[in-house]
Amino acid sequence: MHIPKHHPGWIRGLQPTPEELYLNRRRFLQGLGLAAIGGAGLPLLGAQAAPPGSGSSVREIQGATGTVTQQTAPSDIYPAPRNEKFKLDRPITDERVAARYNNFYEFTVEKDLVWMLVEKFRTEPWRIEIGGLVEKPATVDLDELIRAMPMEERLYRHRCVETWAMAVPWTGFPLSALLKEVQPKNSATHVRFVSFLRPEEAPGQAEDRRSPWPYQEGLTIAEAMNELTLIATGIYGHPLPKQHGAPIRLVTPWKYGFKSIKSIRKIELVDHQPATFWNTLIPDEYDFAANVNPGKPHPRWSQATEWMIDTRDRRKTLLYNGYKEFVAGLYG
Ligand SMILES: Nc1nc2c(c(=O)[nH]1)N[C@H]1C(S)=C(S)[C@@H](COP(=O)(O)O)O[C@H]1N2
Ligand SMILES: [Mo]
């Protein structure tokens, strides 16, 4: 693998997955009986028991495109009504493929192993803090938050900076609805998102002690208030499985996937552009805005095309991932 000189040697960086390598790996995993695609009743997925009294359960879930086994939060809001304003130009990605092909560096840099390595990660109970430059700071329990927010389902494209793509139904609420509740002060210019720091539950954090954990991301206030900006607690009509960022994550579909921070613990209103995980690690490859742009190649690869993770269908990358009508106004 080619790692440029200025790269810290210990971090592989985000990089496109050569399709051949991906396919070989899948065959290898299938040989071990750990089918990377399909197959209910896999031994490790959702194997842990729910903590007593949490009211959660381990169960088989019939999603839009297949069955996935996982731990679920107690919640009766799924599936939420679909907001038909957000249309796809391609089929919904196979749920089982999306659930076994993840970027979640807290656990591993191996996309097809994340779903197994999240086993020890405890996502219940989960409290989220919303503070900084706001009139009404709050710390809320996830279930409380879900019940207070206008939950809906949206079909969105997702484009990773590494060139893979998917199209999935998220369940969640607009970030703007939450910000209106806490009332940002006039001095707030940006929103900072902070994920968790638990090396004892996350083997990737335990092994990589030099990356700037916890994972952090940021948006301008205008981006945060844009109607596309979603806080997701579910996917495919049920609560987020851990590998997708349980129990609560950001979704900004016009930006590269690394902006969509998983497993958020804190949302903070600030008066400066916050430092972010990838921009801190490799600033010349991952800028703060990270808007999907086919005409702006990554220093190590083209961004002109993308490939769907289930069909491997190759498509032209769309400017702002096809969301220009929603966001062009943000960027003059
Ligand atoms: N906390 C955290 N959030 C994260 C990441 C991560 O490593 N840690 N990876 C990002 C990247 S690069 C992508 S493409 C998406 C992948 O989301 P998915 O695995 O649910 O498809 O999550 C993003 N959010
Ligand atoms: Mo990504």
Side-chain angles (χ1 to χ4, degrees), residues 11-17 63 68 70 92-118 121 123 126 128 156-172 192-199 201-205 207-208 211-219 230-236 239-267 276-282 285-286 290-292 298 301 303 306-310 317 321:
I11 185 92
R12 290 159 41 128
L14 295 164
Q15 55 196 304
T17 313
V68 168
Q70 61 172 355
I92 291 177
T93 298
D94 186 309
E95 177 174 11
R96 295 157 301 178
V97 178
R100 286 159 180 71
Y101 192 80
N102 306 97
N103 269 330
F104 207 166
Y105 273 44
E106 285 86 338
F107 297 94
T108 172
V109 300
E110 303 290 343
K111 281 183 259 297
D112 46 4
L113 300 181
V114 173
W115 65 275
M116 290 187 276
L117 291 169
V118 293
F121 181 36
T123 58
W126 192 273
I128 171 159
Y156 274 174
R157 290 178 289 276
H158 172 99
R159 171 59 153 82
C160 177
V161 73
E162 300 165 319
T163 75
W164 58 268
M166 59 180 188
V168 301
W170 299 106
T171 307
R192 172 178 176 247
F193 304 85
V194 187
S195 189
F196 64 94
L197 182 63
R198 295 188 194 165
E201 295 177 20
Q205 279 185 336
E207 278 157 33
D208 170 7
S211 285
W213 307 115
Y215 197 100
Q216 299 188 41
E217 259 305 335
L219 296 171
L230 198 72
I231 295 289
T233 62
I235 189 170
Y236 294 101
L240 287 171
K242 295 180 193 178
Q243 64 269 35
H244 280 305
I248 185 166
R249 70 175 293 172
L250 180 67
V251 180
T252 48
W254 75 99
K255 294 177 176 288
Y256 289 120
F258 65 87
K259 297 295 289 183
S260 295
I261 180 174
K262 295 174 169 180
S263 305
I264 300 168
R265 302 244 59 181
K266 186 155 89 176
I267 299 176
T276 65
F277 184 86
W278 282 108
N279 185 246
T280 301
L281 273 174
I282 316 177
E285 296 193 359
Y286 307 106
N291 293 321
V292 175
H298 183 280
W301 60 83
Q303 293 291 21
E306 63 193 32
W307 60 279
M308 303 305 294
I309 56 173
D310 55 345
T317 303
N321 204 20

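Just so you know, ligand 1 is whichever comes first in the structure, and atom 1 is the first atom listed for that ligand. Hydrogens, waters and symmetry mates play no part in the numbers below; they use all other heavy atoms, side chains included. Because the structure is predicted, anything quoted here is derived from the model rather than measured.
Between the side chains of Asn291 and Trp254, at least one donor N or O sits under 3.5 Å from an acceptor N or O. In this structure, a donor-acceptor pair under 3.5 Å is absent between the side chains of Gln243 and Arg100.
Distances below 4.0 Å separate heavy atoms of Cys160 from the following atoms of ligand 1: 14 (S). Listed by number with element, the atoms of ligand 1 under 4.0 Å from a non-hydrogen atom of Trp164 are 14 (S), 21 (O). Against a heavy-atom cut-off of under 4.0 Å, Ile261 is close to the following atoms of ligand 1: 3 (N), 24 (N). Below 4.0 Å from some heavy atom of Gly257 lie the following atoms of ligand 1, by number and element: 10 (C), 11 (C), 13 (C), 14 (S), 15 (C), 22 (O), 23 (C). Each of the following atoms of ligand 1 lies closer than 4.0 Å to a heavy atom of Arg249: 15 (C), 17 (O), 18 (P), 20 (O), 22 (O).
Checking only distances, Tyr101 never comes within under 3.5 Å of ligand 1, N or O to N or O. Where the criterion is an N or O separation shorter than 3.5 Å, residue side chain and backbone included, His244 meets it with respect to ligand 1. An N or O contact shorter than 3.5 Å links Glu106 to ligand 1 by distance.
Residues Pro169 and Ile92 share a closest heavy-atom pair of CD-CG2, 4.0 Å. Looking at every heavy atom in both residues, Phe196 comes nearest to Ala202 through CE1-CB, 4.0 Å.
Proximity of the aromatic rings of Tyr215 and Tyr105 is defined here by a centroid distance below 6.0 angstrom, and this criterion is not met.
Because its NZ or CZ atom is both nearer than 6.0 Å to the ring centre of Trp126 and within 45° of the ring axis, Arg265 counts as a cation-pi partner of that residue.
With salt bridges taken as basic N to acidic carboxylate O contacts below 4.0 Å, none links Arg192 and Glu217.
For Gly245, the closest heavy-atom approach to ligand 1 does not fall below 4.0 Å. Not a single heavy atom of Glu162 lies less than 4.0 angstrom from ligand 1. For the ligand labelled ligand 1, residue Met166 lies inside the 4.0 Å heavy-atom shell. For the pair His158 and ligand 1, a heavy-atom separation below 4.0 Å is found.
Among Tyr105, Phe258, Tyr256, the residue whose heavy atom lies closest to atom 10 (C) of ligand 1 is Phe258.
The parts of Phe104 lying near ligand 1 are both backbone and side chain, judged by heavy-atom distances below 4.0 Å. The proximity of Ser195 to ligand 1, defined as any non-hydrogen pair under 4.0 Å, is limited to the side chain.
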